Protein chains: 2
Amino acid sequence: MGRPKQFDPDAAVEKAVEIFWCKGYGGTTPQDLVDGLGVGKGSLYNTFTSKQALFEKALRRYGDRRVAGLVEVLEGSGPVRERLRAALERLVDTGLSDPYRRGCLAVNTAAEPAGADPALGEIVRSVFDRMEAAFQAAIEEGRRHGEIDADRDPREAASLLLSTAIGMSVVAKTADRPDRLRRVVDAVLATL
Amino acid sequence: MGRPKQFDPDAAVEKAVEIFWCKGYGGTTPQDLVDGLGVGKGSLYNTFTSKQALFEKALRRYGDRRVAGLVEVLEGSGPVRERLRAALERLVDTGLSDPYRRGCLAVNTAAEPAGADPALGEIVRSVFDRMEAAFQAAIEEGRRHGEIDADRDPREAASLLLSTAIGMSVVAKTADRPDRLRRVVDAVLATL
DNA sequence: CATATTTTGTACCTGTAGGTCAAGAAAGGA
DNA sequence: TCCTTTCTTGACCTACAGGTACAAAATATG
């Protein structure tokens, strides 16, 4: 009962992702949210309580999507090595083709002072953990299929892939010459 | 002639590095600077013009120092491979032992929206370029000495080391289990 | 239809960002 | 010694951050 909401909170979170992704947590103002979500300030705070609470929802949603995208590519068909290449190249391509150079919201948050907040840090950590686990699963599959050297420790390799992916997200933001990122992909795949 | 400054601008930049490193560019307020530098707001703006101008000085100084530290380790004595390990482990150790988990100021700036500013982006890019060049020089030396496989493309390997180092700076901020970073160092060195 | 409940728009609030300005203090030069 | 120049202090300014409060509007129930 009571008056029904005149907007879709779910869609609003979706829009919030874009705004926070562009401006960062600290750089986003209530006015940015009001303009971007198209809802009044009263509704905004009535629904989401605070800027941070909304950001937590947005970051979680972003992270889930990112992880799902990575898992989808890594669990695809074809040789594992090619799937790993596809996953990394997707990172590079989407990073470089983004006109706003937003990088990765999870990485940006980790680097921001906001990342020191326990709740936000935990969300970021969870994203990183799931990405690493996805890499590790792929590498183990490749090892079982004899595509990847059995000497290679999958945990080690997965940690390297995670760190590399994070580093590439940052490098992509500097709008550096694209060849640097292509080299990184080649280099890290050559090691497997 | 004229009244002499009552503070050392050079030392003030040094202190500014610490403040920006802790709070980020966007998160640092004029009041933070007044408190931290111990100079009045008038003197601050009279000497440094603006928050951004001071930050540029601070970021440049930080970057020069960081690059010099890396070069020093990489140009040291002993086998190249050990020097590379020492350089990466230093990154990990200083990153993990920092109680404030500040990561790397250049990386944090690249990830912040402020990194999109042309002047700041250029400083960050310069830091990354010089680090990559230092890695590349070390790898080439190792190759000449037969310590590193001649098949390995030094540019590729250097780009990988750079991306990995950047990624580790971010991961270190999440206060993740230290073993992840140790694994990354082992993994990336195993590839050379 | 009256009422209880929830949402919405608008006004309002306190604190601070990021500076600017004017007046006085501390030097060197004529 | 007076003048010019530069630095310093502190007051001041405008805009906006991040919310809160309230009255009006829209529903479900009895």
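Letters go in sequence order (proteins before strands), and every chain restarts at 1. Keep in mind that this is a model prediction, so the values were computed, not measured.
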- prompt: Got A:Phe55 and A:Leu120 here, is their nearest side-chain heavy-atom distance under 4.5 Å?
  reply: yes
query: Heavy-atom contacts under 4.0 Å between residues 3-11 of chain B and DNA chain C, which residues?
result: B:Arg3, B:Pro4
query: So, do A:Leu70 and A:Phe135 sit near enough that their side-chain heavy atoms are less than 4.5 Å apart?
result: yes
message: For A:Asp151, give me all partners under side-chain contact (heavy atoms from CB on, under 4.5 Å), at least two apart in sequence or on another chain.
response: A:Asp149
message: Any heavy-atom pair between the side chains of A:Asp64 and A:Arg130 that's under 4.5 Å?
response: yes
- prompt: Under a criterion of less than 4.0 angstrom to any heavy atom of chain B, what are the 5'-terminal and 3'-terminal contacting nucleotides of DNA chain D?
  reply: D:dT5 to D:dG10
- request: Work out which heavy atom in A:Ser163 is nearest to a heavy atom in B:Met168; give both atom names and the distance.
  value: OG-CG, 3.9 Å
message: From CD1 of B:Ile19 over to C1' of C:dA17, roughly how many Å is that when rounded to an integer?
response: 16 Å
- line: Sequence neighbours excluded, the answer for side-chain contact (heavy atoms from CB on, under 4.5 Å) partners of B:Val73 is B:Ala86, B:Ala87, B:Arg90
message: When you compare the side chain of A:Gln136 with that of A:Leu162, does any pair of heavy atoms fall below 4.5 Å?
response: no
query: Would a 4.5 Å heavy-atom cut-off, applied to side chains only, mark B:Ile139 and B:Arg152 as touching?
result: no
- request: Only counting residues at least two apart or in another chain, list the ones meeting side chain to side chain donor-acceptor pair (under 3.5 Å) with A:Arg182.
  value: A:Asp93
message: I'd like to check B:Val124 versus B:Val127 (side-chain heavy atoms, cut-off strictly below 4.5 Å). Are they in contact?
response: no
query: Given the rule in the salt bridge (Lys or Arg N to Asp or Glu O under 4.0 Å) test, do B:Asp10 and B:Arg61 qualify, once you have shown the distances and angles that lead to the verdict?
result: CA-CA 10 Å; B:Asp10 210 70; B:Arg61 170 128 0 154; 3.1 Å; yes
- line: Per the under-4.0 Å heavy-atom filter, residues of residues 109-123 of chain A near DNA chain C come out as none
query: Where along residues 23-41 of chain A does a heavy atom come under 4.0 Å from DNA chain D, residue by residue in number order?
result: A:Thr28, A:Thr29, A:Pro30, A:Lys41
message: Under the rule for side chain to side chain donor-acceptor pair (under 3.5 Å), what residues qualify as partners of A:Glu72, not counting sequence neighbours?
response: none
Under 3.5 Å, which N/O atoms of the protein pair with N/O atoms of nucleotides 28-30 of chain C?
none

message: Strictly below 4.0 Å, N to O, side chains only: are A:Arg177 and B:Asp129 in salt-bridge contact?
response: yes
query: Does the side chain of B:Arg101 come within less than 4.5 Å of B:Leu96's, by heavy atoms?
result: yes
message: So if I take residues 42-55 of chain B and measure heavy-atom distances to DNA chain C, which residues fall below 4.0 Å?
response: B:Tyr45, B:Lys51
query: Which residues satisfy the side chain to side chain donor-acceptor pair (under 3.5 Å) test with A:Thr28, sequence neighbours excluded?
result: none
message: Are the side chains of B:Leu37 and B:Ile19 in contact, using a 4.5 Å heavy-atom criterion?
response: yes
- prompt: With sequence neighbours left out, what residues match A:Gln31 under side-chain contact (heavy atoms from CB on, under 4.5 Å)?
  reply: A:Thr29, A:Val34, A:Asp35
